Each structure stands twice: as C-alpha cells, then as structure tokens.
Amino acid sequence: MKNIFILLVMTQVLFSCLSAEQIAENNRKRIAADDATCKGYGFKPGTDAYGTCRMNLDNQRAQRKAEAWRQLSNSLDEMNRSLTPQTTTCRSSGSIFGNSINSTTTCY
C-alpha cells in the first residue's frame, strides 16, 4: 500500500511539472502517431474508414485511461480500509462474590 501511495504522489509531481507547451507537444506526437497508424492500415485521410480508425484509437486510449483510474481508485479505497481502525465488541461475563457480572467493552 505504501508503494501505491508513493507512486500516486510521484505521478502527481511529474504531471504538475508539465508545461502547457509540453502538453501540446505530447498531443501533437499522439496525433501524428495515430495518423501514421491509420495510414499504415491503408486508410486515407478524409475517408470514413480513416475517421473510424482515429475514433477507435481515441476510444481505446480513453478505455485504458478509465481502467487505470478505476485501478487507482480501488487501490486507494483498499488503502483507506487498511488504515481505518476496526472496532470489535468484546463481551465478558463472570461472577464476583456470587454476583453475576456481564460487561461489554469496545476493543480496538
């Protein structure tokens, strides 16, 4: 769990360091790579097939991103559960000097 938290913090630090120019450059590279992929399949820009290819690449990317966020969310939920104190109710009974005694204690 500690490793996941460290990874989350490091990811946040790295993403916060990207400038607008770097983000734009990454987008240009992604667009160029998608263009090359679809052209590599033989699709011509401006055709329905090319548009479908680009849309499929975008959808696949969005699905991978959503799955990564789901996994991160699940990991954070699990970490939260492991850090939350668990309450257990302990019951005891007995007798002192012939008197019956019952007690309930909350144990942590």
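It should be emphasised that the depicted structure is a prediction, and the values quoted were computed from it without experimental measurement.
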Between T37 and A33 (side chain of the first, backbone of the second, donor and acceptor by atom type, cut-off under 3.5 Å), is there such a pair? yes

How far does CZ of R30 sit from CG of N27, to the nearest 0.5 angstrom? 5.0 Å

Rounded to the nearest 0.5 Å, what's the gap from CG on D58 to SG on C53? Could you check? 10.0 Å

Looking only at the side chains, is there a donor atom on one of E67 and Q63 sitting less than 3.5 Å from an acceptor on the other? no

So with a 6.0 Å cut-off around CG of D77, is the heavy-atom count from everything else above 12? yes

Min side-chain heavy-atom separation R54-D35 under 4.5 Å: yes

Do you know which two heavy atoms are closest between F43 and Y50, and how far apart they sit? CB-CA, 3.7 Å

Is I31 reachable from Y41 through a run of I, L, V, M, F, W or Y residues, each pair having side-chain heavy atoms under 4.5 Å apart? no

My understanding is that only residues two or more places apart in sequence, or in another chain, count here; which of them pass side chain to side chain donor-acceptor pair (under 3.5 Å) with R28? E25

Tell me, please, which residues at least two apart from D34 pass side chain to side chain donor-acceptor pair (under 3.5 Å). R61

